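Note that these values count all heavy atoms, side chains included, but never hydrogens, waters or copies made by symmetry. None of the values given here were measured: they were computed from a predicted structure.
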Number of protein chains: 2
Amino acid sequence: MKDGDFAGVKVNQSRLMEDIHSTCEWGKGESWGSHPTETGMSRLALSDSDKAARDWFASTCESLGCTVTTDSMGNQFAVRPGLNNDAPPTFAGSHLDTQPTGGRYDGILGVTAAIEMLRTLNDNWVETTYPVGVVNWTNEEGARFPISMVSSGVWAGEIPLEKAQGLKSVIPASDTATMKSELERIGYLGDVPCNYEAVPMAAHFELHIEQGPILEATEKKVGIVRGVQAYKWFTITVKGRDCHTGTTSFAHRADALLTASKMILYSHRAASKAGALASTGILTLRPGSTNTVPGHVKFSLDIRAPADKTVDEVEAQCKRAFTAIAAGENVNGINDDCTPSDRQCSIDWVTDSVSPAVNFHDDCIRCVTDASVDLFGKDKLETLTEKMTSGAGHDSVYASKRVPTSMIFIPCRDGVSHNPAEYSTPEDCGIGAQVLTGAVLRYDRLRADRGQ
Amino acid sequence: MKDGDFAGVKVNQSRLMEDIHSTCEWGKGESWGSHPTETGMSRLALSDSDKAARDWFASTCESLGCTVTTDSMGNQFAVRPGLNNDAPPTFAGSHLDTQPTGGRYDGILGVTAAIEMLRTLNDNWVETTYPVGVVNWTNEEGARFPISMVSSGVWAGEIPLEKAQGLKSVIPASDTATMKSELERIGYLGDVPCNYEAVPMAAHFELHIEQGPILEATEKKVGIVRGVQAYKWFTITVKGRDCHTGTTSFAHRADALLTASKMILYSHRAASKAGALASTGILTLRPGSTNTVPGHVKFSLDIRAPADKTVDEVEAQCKRAFTAIAAGENVNGINDDCTPSDRQCSIDWVTDSVSPAVNFHDDCIRCVTDASVDLFGKDKLETLTEKMTSGAGHDSVYASKRVPTSMIFIPCRDGVSHNPAEYSTPEDCGIGAQVLTGAVLRYDRLRADRGQ
């Protein structure tokens with residue numbers, strides 16, 4: 001195919017939406033609107049509804065001329081032959097499992113759009129040089145078996161198979177089940193080893209909803225994802241002293257909650273300055289009585305930035321500042337107008353997880369960019385696309401450790417995800433599928449040009 | 001008695017400590033040290049151990065020449081006759097119930113010291129002009145039946161008898177019991193009506209541990225309590241929007257916890273400036289996940305100050321400022337260096353309770369002051385006593401609504417109370433009992449001088 005030809009291969013938006021909504025009957029969740037498709041999803045990994053979606057994936061891909069294999073983590077790989085089948089396929093895909101109160105787009109869009117790509121290639125009698133694949137990764141959400149992206153992690157050799165297969169369900173109704181027992185139960189414990197050598201890929205492209213508000217707010221249509229943010233998670237414990245709110249003057253308090261409040265505010269200010277993100281999503285305290293100053297507060301801190309170095313810098317600043325704040329020092333005016341106290345709090349800082357920054361492959365990013373130009377025209381590229389860093393993790397993080405990878409984002413309403421009301425317009429879903437198809441075709445051409 | 005005579009009537013410190021520790025065998029709690037008396041207390045109101053303490057109170061007071069009556073809330077009044085028994089007694093007392101994990105001094109000191117006063121008057125053959133009484137109020141803690149100071153409240157006509165008697169136990173092991181059924185069960189449902197007309201008092205003096213750190217920190221021996229702080233309790237709900245910590249830039253967040261943190265810091269600054277106290281003892285949030293910015297935070301706010309007006313002013317300032325902070329405005333630099341957001345939080349402010357300031361009676365305060373002079377000498381008054389406002393509520397709050405009242409505080413270790421490790425030295429307990437005895441005698445003399 002030549003440059004001009006790619007633009008002529010058009011996905012069918014309404015057929016894509018039909019695939020999304022018909023398969024969302026399996027695991028349909030809570031309604032947020034009056035239309036039958038205005039519901040969330042509750043399709044936990046390896047549940048009966050996930051099995052139904054998997055069966056559909058396999059039979060649909062086979063009917064479209066693919067060979068479908070399943071590996072020992074239940075990952076499904078559908079491969080449409082090319083002219084030269086001695087080299088691995090260029091893959092597109094994502095995951096079909098959802099959060100317990102998730103939506104219809106997270107993961108599902110990436111798989112159904114890849115299937116729409118297959119349908120479109122068939123409609124247009126497109127013969128690719130190398131095979132093209134569609135992948136459905138198992139338990140990306142980590143909502144039922146508590147490691148997210150676990151099966152792409154095993155495939156990439158980053159998570160041991162035994163650990164992954166042994167993960168226990170955290171859903172009370174099925175809490176004796178492991179990944180392995182559930183894979184067996186629903187008939188998806190494949191005999192192909194789960195690793196990147198047994199099932200090789202030439203590249204991995206993933207279409208996903210943004211799960212954030214940037215594209216919507218800037219009125220862009222496509223996010224060209226260049227990598228995934230670095231992040232670190234911490235648990236901070238502040239110990240002060242329980243005391244009576246009525247009888248203890250400020251000068252004699254070691255108020256763990258006031259101290260934690262200052263730390264949370266400080267972390268926001270430090271991250272703002274560094275162009276990073278700092279967030280506290282969990283905070284618990286003891287003893288928890290209106291007239292007792294809390295002597296014990298524990299809170300989470302999640303620091304993210306595109307570069308590892310930025311995360312490390314914000315971490316170091318917070319560590320220094322939190323210690324000083326606990327000791328009553330006035331860090332950057334945070335104690336202005338506060339009453340000094342003769343008592344200090346102590347602080348304990350634990351690192352829970354470290355996820356370094358991921359940089360996607362320049363070739364893949366260029367294919368996504370070129371596919372966007374095919375769709376929008378060169379003059380609209382700046383106004384309709386945004387170069388982005390993914391804030392969240394995806395299977396593409398693990399895929400990128402073994403093969404050239406990149407992602408495509410589309411806007412989602414109000415940036416909402418992991419929520420029944422998650423929503424992207426049919427137009428935006430169609431745009432995403434079009435750019436995904438174009439990117440895969442362009443990557444196939446790139447390989448052909450290079451003879452690989 | 002003349003001025004010089006008062007100083008000669010000396011309490012017996014070791015006898016007082018013997019009463020405290022022997023009666024603390026009933027309802028003995030958790031150990032904090034190796035000595036048998038180094039334990040806390042768990043003597044819930046109207047429990048079997050409370051009955052044992054009440055039996056001791058009645059028999060001891062009777063053996064000391066008193067008539068003991070019990071009212072319909074189980075309040076016990078022991079009266080030692082004076083020369084003129086046509087006028088009501090001058091009372092001293094407190095309560096014998098404790099918190100479930102309380103200490104040996106809160107309440108107990110006030111009752112045992114009043115009994116030590118009786119013993120001392122007998123030892124010294126003191127005849128008072130008017131009768132002198134000792135009161136043991138029922139369920140001051142509100143720990144078992146959930147209104148604190150409930151029985152002095154009924155006595156003062158501030159709480160209806162039916163409501164009080166109908167209070168249900170909040171202790172799971174006895175949760176069908178009401179105050180009335182438990183009063184009946186242990187034989188303390190008296191036939192004397194619980195009110196200030198049926199059991200009149202001329203005055204009410206209460207010795208108590210400070211339950212705060214001021215006396216210890218300033219190395220004073222006696223707190224001359226002039227009143228009880230005003231306080232108001234509020235519940236504030238901040239609503240923002242749940243969003244992903246990784247995908248949502250600061251500019252698009254409505255972070256309910258960051259906003260609440262700013263409010264808590266603001267309330268501390270405003271109270272510091274006004275000479276008030278502001279405290280948050282409860283904070284809960286939703287949904288509570290490390291990678292989700294909380295969209296919902298609820299927290300308590302407890303504002304206290306000696307004057308009602310100060311509490312009202314801090315309340316008004318916080319109300320205005322919290323609304324502005326939720327809207328993203330920079331109140332007094334609280335948003336300095338924070339990233340502005342295009343989203344706002346909303347705020348809901350509920351007033352849970354209002355307790356106006358209480359001013360104790362000048363005559364009673366003067367008697368406590370004069371008794372302190374008797375003990376320490378005029379030249380030491382400034383260095384050894386502190387004029388104080390009680391931060392916590394006591395039965396004296398309700399008593400003061402009907403009769404001249406004041407309180408005496410002694411230091412407690414580290415300001416700790418409502419805790420097994422609550423501790424005051426024998427010397428300080430003795431000093432408290434001495435000042436209590438002196439104050440009651442001086443008040444009796446004041447009445448005699450005025451012929452009332």
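Among B:Asp242, B:Ile214, B:Leu257, B:Asp255, the residue making the largest number of heavy-atom pairs under 4.5 Å with chain A is B:Leu257. Here A:Ser261 is the residue among A:Cys243, A:Ser261, A:Gly212 with the most heavy-atom pairs under 4.5 Å with chain B. Interface remark: of the candidates A:Gly281, A:Gly415, A:Ala392, A:Gly281 forms the most heavy-atom pairs closer than 4.5 Å to chain B. Contact tally against chain A (heavy-atom pairs below 4.5 Å) for B:Cys338, B:Ser390, B:Ser249: the top residue is B:Cys338. If you tally non-hydrogen atom pairs under 4.5 Å between each of A:His244, A:Met388, A:Met263 and chain B, the highest count goes to A:His244. Here A:Ser272 is the residue among A:Ser300, A:Gly393, A:Ser272, A:Ser417 with the most heavy-atom pairs under 4.5 Å with chain B. Heavy-atom pairs under 4.5 Å with chain B were tallied for A:Asn419, A:Asp352, A:Ile334, A:Asp342; the largest tally goes to A:Ile334. For the set B:Asp414, B:Val228, B:Val416, B:Asn335, the entry with the most heavy-atom pairs within less than 4.5 Å of chain A is B:Asp414. The choice from A:Ala256, A:Ala217, A:Ala271, A:Ala278 that makes the most heavy-atom pairs within less than 4.5 Å of chain B is A:Ala278.
Residue B:Arg286 does not touch chain A at all, counting heavy-atom pairs closer than 4.5 Å. Neither the backbone nor the side chain of B:Ala305 comes within contact range of chain A; no heavy atom of the residue lies under 4.5 Å from a heavy atom of that chain. For B:Thr292, the part lying near chain A is the backbone, with the side chain staying farther off; criterion is any non-hydrogen pair under 4.5 Å. Heavy-atom distances place both the backbone and the side chain of B:Leu277 under 4.5 Å from chain A. Using a 4.5 Å cut-off between heavy atoms, B:Ala251 does not touch chain A at all. Contact annotation for B:Ser289: only backbone heavy atoms (N, CA, C, O) come within less than 4.5 Å of a heavy atom of chain A.
Classified by interplanar angle (parallel below 30°, tilted 30° to 60°, perpendicular above 60°), the ring pair A:Phe250/B:His268 is tilted.
In summary, the side chains of A:Thr290 and B:Asp302 do not present any donor paired with an acceptor at a separation below 3.5 Å, with no hydrogens or angles considered. No side-chain N or O of B:Thr245 forms a donor-acceptor pair with one of A:Ser279 less than 3.5 Å apart.
Nearest heavy atom pair, residue B:His252 against residue A:Pro213, reads CB-CG, 3.2 Å. Here the closest heavy-atom approach between residue A:Arg269 and residue B:Asp336 is recorded as NE-O, 2.7 Å.
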Exercise for the section: Verify side chain to side chain contact (heavy atoms under 4.5 Å, CB included) between A:Leu283 and B:Leu285, making sure each step is shown before the conclusion. Expected result: CA-CA 7 Å; A:Leu283 185 149; B:Leu285 59 80; 3.8 Å; yes
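For the pair B:Ile264 and A:Leu258, the minimum side-chain heavy-atom distance is below 4.5 Å. With contacts defined as side-chain heavy-atom distances shorter than 4.5 Å, the pair B:Lys262/A:Leu265 qualifies. A heavy-atom distance below 4.5 Å is found between the side chains of B:Asn291 and A:Trp233.
With hydrogens and angles ignored, the 3.5 Å screen pairs a side-chain donor or acceptor of B:Thr247 with a backbone N or O of A:Gln211.
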